[in-house]
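Have a look at the structure below before the remarks.
Computed from a prediction, not measured in an experiment: that's the story for all the values here. Numbering starts at 1 and runs along the sequence shown. We count ligands from 1, going down the list as the structure has it; atoms in each ligand are counted the same way.
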Amino acid sequence: MSTFAKGLEGVVAAETRMSFIDGEKGILEYVGIPIDSLARNSTFEETVFLLWNTRLPNKAELDALSKQIRSRTKLPPKLIDIIKGMPTDAQPMHVLRTAVSALSLFDPKPNLTDIPSAQEKALNILAQIPTIIAAFDRYRRGLEIVEPRTDLTFAQNFLYMLNGKEPTEAMARGFDICMILHADHGLNNSTFTARVVTSTLSDMYSAITAAIGSLRGPLHGGANEEVMEMLNEIPSLEAVEPYIMGKLAKKERIMGFGHRVYKTIDPRATFLKTFAKQIAADTGNQKLYEMSTKIEQIMAREVGAKGIYPNVDFYSATTYHSIGLKLDLFTPMFAMSRVSGWAGHCIEQLSDNRLYRPAAKYVGPHDAPYVEMGKR
Ligand code: CMC
C-alpha cells in the first residue's frame, strides 16, 4: 500500500535526536533548546557538541572539543597544491566539493564506518572546511594563503584566514551566530543526501561531498547568493515594488522566501533580521536592509496567505554582505556550518542503519515491442 508523495513531502524517513521543527508555529530547537536561546547564549563549538552528543557540554568537555577542532585545521600540503591547481575563476562551492572529496585521499583509512572512526573523520572535515574556503579565496585573489591559528575560535579563525587580520569582536560574534543558526535543520535535502549515502556504508567523505552538491542548488542553500543578486539588481528602494510585482506576475520565485516545512516566518530569519539590521547600520549597508524589509512587506501582502514568508537565506544575504563576504562565498558559509548537522546525521544513521531504498511508481508502458533500428 505505498503512496507517492512528490518531493517526499510529509514522508518521515529518519529518526533524529538533533533538531525539531514545527513549521506551523515557526519553532526550531536543537536537542530541545530553542534556536533563539542558542543564538543568544551559545557558540558554534558548543552547538557542535550539543548536536553530536545530544546534551550541552561542561567546561572541560567544551574546551576539549575546541582544542580538537583547532588542532585539525591545517590542510595536507598536497591538498593546498590541489587548490592552487584550480582555475581562479572556479566557483567556491565546486572547489569546496572537490576539496572535501580530495581530503579522503590523505586519510590512510578513509572507508572506516565504525562510530569512533566516523567521529574522527567528521572532526577533521569540520575543522578543515574553513581552511579550504579561505585558502581558495586568497589564492584566487593572488594573496598569500594564511595559515590557521590555534588560539582563535572557529569563527575568528575563518575570518582571520580570509582577511589576513583578526576580526573585530562584533564581526566574529555575528559570524558565530550565523554558524549556530545554520548548523542543523531536520531532514533537509542535503542532510537526507548525506544519510542516503551513509546508509550504503559508504564513507564520511562521500556523504559530505554529496551533501555539498545538494546544498549548492538554488532551491536549497544556493538561495542566499540569489537573494544578494536580486538585491544588487534592484537599483533603488522605489524600484522594489515594480521589481517584485513584475516577478510575481511572471510566476517567478522570489529567492529567500517559502519553505517546505515553515508556513510562517522561519525562526532563523526572525533572528537574522534583527541581526542584519544592526550589522547593516554599523557597516553602511542600511539600504540593503531597507530594501529587504520592503520586499518582505510586499511578499506578506501578495503571498503571505499561501504561507510564503522569509526563510533563513533571506536576511543571511544582507548579513554576509555586511560582514564583507563576497557573494559566491555565501553558500560555502552555509556548508561550513551545516557540515556539523550532516556529520551528526551520518553518525545517527550509522548507529541504527538500514539501507535507503525507496520505490518508484512506474508510469510507462508495459509489454512494449522491441522495434528494430531500421523500423523506428
Ligand atoms: N516565491 C514565489 N512563490 C513561491 C515561492 C517563492 N519563493 N515559493 C513557493 N512559491 C509558491 C509556488 O509558486 C506555489 O504556488 P502555486 O501553488 O500557486 O503554484 C506554492 O508557493 C507552493 O510551491 P512549491 O514549489 O510546491 O513549494 P515547495 O515546498 O516545493 O518549495 C521551496 C519550497 C523552498 C523550494 C520554495 O519555496 C522556493 O523555491 N523558494 C525559493 C528558494 C529558496 O529560498 N530556497 C531556500 C529554502 S530555505 C533554506 C534551505 O533549506 O536551504
Side-chain angles (χ1 to χ4, degrees), residues 4-11 18-24 26-28 35 93 96 178-195 210-231 233-234 240-241 243-273 276 292 294-320 327 330-342 345:
F4 168 51
K6 195 170 180 189
L8 296 185
E9 182 163 7
V11 173
M18 291 168 59
S19 56
F20 166 78
I21 307 166
D22 183 328
E24 297 296 327
I27 294 172
L28 170 61
I35 192 67
M93 278 302 275
L96 181 63
C178 290
M179 294 293 103
I180 295 171
L181 294 176
H182 286 86
D184 192 42
H185 204 240
L187 206 58
N188 59 86
N189 191 295
S190 53
T191 300
F192 182 50
T193 302
R195 286 190 84 130
I212 294 171
S214 153
L215 186 75
R216 198 197 66 75
L219 296 188
H220 191 6
N224 57 13
E225 293 182 12
E226 308 240 351
V227 171
M228 196 62 225
E229 277 169 14
M230 169 174 76
L231 292 171
E233 251 174 56
I234 307 176
V240 169
E241 175 94 26
Y243 180 94
I244 298 295
M245 292 307 287
K247 273 196 170 277
L248 290 178
K250 284 187 266 165
K251 299 246 171 268
E252 284 178 26
R253 285 178 184 225
I254 308 300
M255 291 293 150
F257 283 83
H259 201 278
R260 173 64 59 78
V261 183
Y262 294 117
K263 297 305 161 206
T264 179
I265 188 165
D266 178 333
R268 301 166 297 175
T270 313
F271 194 91
L272 274 171
K273 182 178 178 180
S292 303
K294 182 100 190 156
I295 296 172
E296 188 185 345
Q297 283 160 14
I298 299 167
M299 288 296 281
R301 186 187 74 210
E302 297 297 322
V303 290
K306 279 198 204 172
I308 300 167
Y309 288 95
N311 58 48
V312 68
D313 287 320
F314 190 60
Y315 284 103
S316 69
T318 301
T319 303
Y320 286 146
L327 193 149
F330 290 11
T331 315
M333 297 304 97
F334 199 155
M336 197 162 116
S337 160
R338 183 58 60 84
V339 66
S340 59
W342 294 332
H345 276 268

Do you know the tightest heavy-atom contact between F314 and V227?
-> O-CG1, 3.7 Å

Going from CE on M255 to CD1 on I295, what distance comes out if it is rounded to the nearest 0.5 angstrom?
-> 12.5 Å

Could you go through ligand 1 and note, for every N or O atom, any protein N or O atom closer than 3.5 angstrom, writing the atom names and distance to 0.1 Å, or 'none'?
unit_1: ligand 1; atom_1: 1 (N); unit_2: I254; atom_2: N; d: 3.0
unit_1: ligand 1; atom_1: 7 (N); unit_2: I254; atom_2: O; d: 2.8
unit_1: ligand 1; atom_1: 7 (N); unit_2: F257; atom_2: O; d: 2.8
unit_1: ligand 1; atom_1: 15 (O); unit_2: K306; atom_2: NZ; d: 3.2
unit_1: ligand 1; atom_1: 18 (O); unit_2: K306; atom_2: NZ; d: 2.8
unit_1: ligand 1; atom_1: 25 (O); unit_2: R253; atom_2: NH1; d: 3.0
unit_1: ligand 1; atom_1: 25 (O); unit_2: R253; atom_2: NH2; d: 2.7
unit_1: ligand 1; atom_1: 29 (O); unit_2: R260; atom_2: NE; d: 2.8
unit_1: ligand 1; atom_1: 30 (O); unit_2: R260; atom_2: NH2; d: 3.0
unit_1: ligand 1; atom_1: 39 (O); unit_2: R253; atom_2: NH1; d: 2.8
unit_1: ligand 1; atom_1: 40 (N); unit_2: F257; atom_2: O; d: 2.9
unit_1: ligand 1; atom_1: 44 (O); unit_2: G256; atom_2: N; d: 2.8
unit_1: ligand 1; atom_1: 44 (O); unit_2: N311; atom_2: ND2; d: 2.9
unit_1: ligand 1; atom_1: 45 (N); unit_2: L219; atom_2: O; d: 3.1
unit_1: ligand 1; atom_1: 51 (O); unit_2: H220; atom_2: ND1; d: 3.2
unit_1: ligand 1; atom_1: 52 (O); unit_2: H220; atom_2: O; d: 3.2
unit_1: ligand 1; atom_1: 52 (O); unit_2: H220; atom_2: ND1; d: 2.5
unit_1: ligand 1; atom_1: 52 (O); unit_2: G221; atom_2: N; d: 3.3

Can you name the residues that form a ring pair (Phe, Tyr, Trp, His ring centres under 6.0 Å) with F192, not counting sequence neighbours?
-> Y356

Using the test ring pair (Phe, Tyr, Trp, His ring centres under 6.0 Å), find all partners of H182 that sit at least two apart in sequence or belong to another chain.
-> F334

Between N188 and R338: side-chain donor-acceptor atoms closer than 3.5 Å | yes

Could you pull out all residues at least two apart from Y315 that satisfy ring pair (Phe, Tyr, Trp, His ring centres under 6.0 Å)?
-> none

